[in-house]
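Data first, discussion second: the structure below is written as structure tokens.
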Amino acid sequence: MGSKNKKREREPAQGNNVEEAPPKRRRQIDEGHLKLSKLYEDLAAESDDVRFEAAKQLIVKFSPENQPAAKEVETALNRLIKGLCSQRKAARVGFSLTLTELLRQIFGQNAVKIEGLELDVDSIIKMVEEKTKVVGNVPGRERRDHLIGKLFGYKAVMQSSIVLEPVLSLESWNSLLDNVYGMARDVPWLREECGMILVEAVKSLKAQPQYEKCAQEMVERLSTFKLVSTPEGVAVWLTVQASYENALLEGVWHQKDPLDKKERTRLAKTLKENFRGESANGKDDDVKSGAANPNPTFAWDLVLSEMLRRDELIRAKGKETPKMDFPQFWLDTVDNNLFSLASSHERKSWGFKLLSSMIVRVPEWAIPALFSPNLMRTLINQSKKEDRFLHNAAVAALNTLQMRVQQEPSSALPIFVALTTKNGSIDSDQATKTKTLEHILISTDDDTLKKIVRHLNSLILRPESEDQVVADSRRQTIADLLLNTVKQYKRYDELSEDSIEKDNWLHKTLEVLVEYAYFVSSKSAKTSKVPLPAVSERSRNMFQERLSSCLTKLLGVGIGSRSAFALMIVGMIRSKATSSKSLDLAFKADKPVLKTMEKASQTLDAISAKGSVAGNKMAAEGFILLYSLTLLQVYNGDGDAVMMLDDLDTSRKAMSKKQTDSEEESHDVFVEIILSFLGNPRTLFRKIAEEAFSIFSSEVSSEGLQSLTDVLDTEENLEGQKELFNQDDGEAEEAESSDDSDDASDVEMIDGESKSDGGDSDASDSDSSSEEDDDESEDDAELTQFNNLLSMTLQTSKLDPEGEDTSDESDMDDEQMEALDPQLRKIFQQRSQVTSKKKERQDAKQNIVQFKSRVLDLLAIYLEKQYSNPLTLDVLLPVLRRTRANANKQLADKAAKTLKTYLASRRNKTPLPKPSDIEAVWATLKAVHEEAKMGNGAKLHADVCSSTSLHIVKVLVGLDKAHYDGAVDVYAQTQKQWFADKKSPLQPGLFTQFQNWSVGTRQQTK
């Protein structure tokens, strides 16, 4: 109470004499102190540059050469040691670096003594102990920070080498060891960091003999502090063993070597941090377990590296097939230890991380050892689904495999082989839901890729299963990998024309596909060359499809001529058929067919050798493409392709003779051949048709164009399909079934929709409303007929509108029902036939829509290549009709796009057509106006009608300006009809566009 009263008495006094009171003394902070504080602050900065600059300035400031005051140096050391306990992320890095270098400067070998500085190494160690000591009851986080700071302080003393230089202080060395070992024993969560400091301390001895006692002291303390059977203890032991083998103790490890085979089980448990076992001396080591560690300790890396080093020494001795210890060591310590069925998710995660760290640096000979049985099982299981606990860890490991291949392409072979054989499988990509194998193939170099193709060939021969279904599946997977490699390969531009025939990866890939697509093993073939189980017919067709897809890709890669690869593949087949002793051609045919094929092959050779047809090099390339692909079709077993060879020969001869009558006939034949190619469901044949048509577009006659445009006007029903493909009912069904293909990558796409089944999903939805109504009414009639027959047979009638049964008959007994069975079966069979017929109609519609789409592609090519050709005017109206509102939507869009592209070509100043038959042009113009009335008001149809009409007017006026009057009359007549008929669907844009053009043209001619 007395002190409080005195305080109250002083306060008024101070308040009354504020100005008279002596000024309060303030700590004078000069500029030097501010700068020094800023440097200490910068030591904890996140930026490396800022941190290093602050460290540099502090080291220079307190360097003995600059004669700093002893008190300032001591204060600086205190400040740096205390800074090690900071919670800031980068503080320990900055303060530890500065402390280490400053200690080296002050106490190192070449240090200049600082006058008045009484500190030595022992006092520095004590200073670390005192300044990092936890005082009082502090939170756990702060206690943790002080423990880490203490360890970093000991680390700085160790790294500064002041214990060893200029004079070894064994007492200080032992003091440091005791402190670090004590922390390793008592603070489990710091044990790994302690181990790393001790390992670095051994390395700092640099194997110099005078420091052997230091190494011995370090090894002895492993037993003293009961750390022998810890990963860190193993790491310290191995590090000492590498430099001071004599310092090792007897009776701790067999042969003083933790890596000895007899210590394998104990070592595996130790690295797994399973501390429940017995020590080497039979006594419990009483090692405390630390908190769960998400990463394997650094000792794993050190142990595995040492095993690899020892094996490399064995290989260096020159033995042809040295026995390596690393593969068995990996099995014992990693595979059977971390990936056992009883192992925890945490330990399996360690295993994946070890795989990731080792795969990027082990030599190639050691790569297969990493893909051990339990590891592969776990890797596949965890990769399958995203909800698996270790899914991300497994995928990360797979990604590391790709990283190794990118860094060292030659490593792709052992990795690929390991993933696809023994513990792996060729189906590993499907199993892991990744594209690891695909990425490896496209990331490696050409030489390694060639070796991998050979390996895949061996897997086709021996798919590691005698089950035919499994073998077929694996062979398809291999074919898909080869196809994907051809599609995704990035370095085609580096291949020369000569490389097509060279024995490179691409040649080998095509050769493998050719062998299994077109050949079977001969009776004289070696057993090792005979596929087991045999390649099934299904697989042979699949290989043919994949080869076709490869050709589709290679058609546009720009190596040599466009026909080079097709010609090469046909050459392969012919060569192997005549010269191979282990292969027989799977294709068998009668003599007339073989004679036709031989004749076609000779023609192909002649065209290829000459390089032109009737002096036309492009024509030669077109014929080579058509001959090659047609021959492939014959080898595929397509009987119609034999007739196509005769047609090709007729077309070629006519072009060579250049006789007028036969020339027109040959052009018609040529178009029919192109249409036959379009009818093939594979994308390759469509592309070949487009390529050939592009080459011969200038040679196509009006009759040939008529054949194309007639397709566009074909009815989209069963009758239209029969007319288009010259089929009877049985052939139509067979054609539909043949459209099904296993090769999804080789199926035509229209506007992003797959059409592997001969059509697209929107085809039926987009048909004309009238056709839909007809179908519905037909279906209703069929359903009514079915119900009537059923009612008559059962002697019942349908419910009346009120829901009451009008039948007077009683229920039938079992005998009566049995008697009706034959009649009922017949009725339901008829109903089934009706349902089947409905599907036939839908399939026919889809087939025709698809075929029309392909024809539109050809006509687009013709219009592009032959803009100035008068025959283009014959194409406009048939294409225009496809844009009607009641037409298939996709066909309408494609037709409109085709016309718009053609009509826009005029902007490039391309000359307009100059037809000789003026009357035919006028007739076309009038027909376009009639077509404009058929659009039902659809904007798309109206726009293209207007643009097409104006294009024809431009052609007429381009021939003679006097034709403008006639054009006005045509437009006027149409406008009169439009004005008189209020229900006319014709759009007025037809007239306004003509009027605007007239105004613009009139102004230009003034």
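Only heavy atoms go into these numbers, but all of them, side chains included; no hydrogens, no water, no symmetry mates.
- Between the D590 side chain and the P592 main chain, no donor and acceptor come within less than 3.5 Å of each other.
- For S676 (side chain) and E672 (main-chain N/O), a donor-acceptor pair under 3.5 Å exists by modelled atom type.
- By the 30° and 60° cut-offs, the orientation of the rings of F416 relative to H455 is perpendicular.
- A donor and an acceptor atom, one from each side chain of N636 and Q633, are located under 3.5 Å apart.
- A distance-only check finds a donor-acceptor pair linking the side chain of S524 to the backbone of K581 [under 3.5 Å].
- Checking side-chain atoms of K852 against main-chain N and O of L712 turns up a donor-acceptor pair under 3.5 Å.
- In this structure a side-chain-to-backbone donor-acceptor pair under 3.5 Å is missing from D584 to V520.
- Residues meeting the side chain to side chain contact (heavy atoms under 4.5 Å, CB included) test with S411, sequence neighbours left out: E364, I367, R404, V405, E408, I415.
- Put simply, the side chain of T603 gets close to the backbone of K599: a donor and an acceptor are under 3.5 Å apart.
- We find that E598 and K595 are not joined by a salt bridge, their nearest charged nitrogen and carboxylate oxygen being 4.0 Å or further apart.
- A distance-only check finds a donor-acceptor pair linking the side chain of S428 to the backbone of S425 [under 3.5 Å].
- Under 3.5 Å, the side chains of T477 and Q430 contain a donor-acceptor pair of N or O atoms.
- By the 4.0 Å N-to-carboxylate-O rule, K508 lies too far from D503 to be salt-bridged with it.
- Taking the charged nitrogens against the carboxylate oxygens, E716 and R882 do have a contact shorter than 4.0 Å, which makes a salt bridge.
- In the displayed structure, K523 atom NZ is contacted under 6.0 Å by at most 12 heavy atoms of other residues, nucleotides or ligands.
- A side-chain donor-acceptor contact under 3.5 Å links D710 and Q706.
- Looking only at distances, no side-chain donor or acceptor of T898 sits under 3.5 Å from a matching main-chain atom of A860.
- Ionic pairing of K889 and D893 is present here: one or more N-O contacts between side-chain nitrogen and carboxylate oxygen are shorter than 4.0 angstrom.
- Here R686 pairs with E690 in a salt bridge; the nearest charged N to carboxylate O distance falls below 4.0 Å.
- With contacts defined as side-chain heavy-atom distances shorter than 4.5 Å, the pair V486/Y492 qualifies.
- In terms of modelled atom types and a separation under 3.5 Å, the side chain of T485 and the main chain of L481 share a donor-acceptor contact.
- F696 and F623 have their aromatic ring centers within a separation under 6.0 angstrom.
- Comment: D447 does not engage K451 in a salt bridge, judged by the lack of any side-chain N to carboxylate O separation of less than 4.0 angstrom.
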Donor-acceptor pairs are to be reported for all side-chain atoms of residues 467-474 against protein atoms at under 3.5 Å, with residues two or more places apart or in another chain.
unit_1 : atom_1 : unit_2 : atom_2 : d
D467   : OD1    : V469   : N      : 3.0
D467   : OD1    : V470   : N      : 3.0
Q468   : NE2    : D472   : OD1    : 3.0
Q468   : NE2    : A534   : O      : 3.1
D472   : OD1    : S536   : OG     : 3.1
D472   : OD1    : S539   : OG     : 2.9
D472   : OD2    : S536   : OG     : 3.1
R474   : NH1    : P463   : O      : 2.8
R474   : NH1    : E464   : O      : 3.2

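- Under the 30°/60° scheme for interplanar angles, the aromatic rings of Y489 and W505 are found to be tilted.
- Between the OH atom in Y635 and the CZ atom in R574 there is a gap of 7.0 Å [rounded to 0.5 Å].
- In plain terms, the two heavy atoms of M376 and G424 that are nearest each other are CE-CA, 3.9 Å.
- Between the side chain of D445 and the backbone N or O of P409, no donor-acceptor pair lies under 3.5 Å.
- Salt-bridge formation is detected for the pair K894/D857: a Lys NZ or Arg NE/NH1/NH2 atom is positioned less than 4.0 Å from an Asp or Glu carboxylate oxygen.
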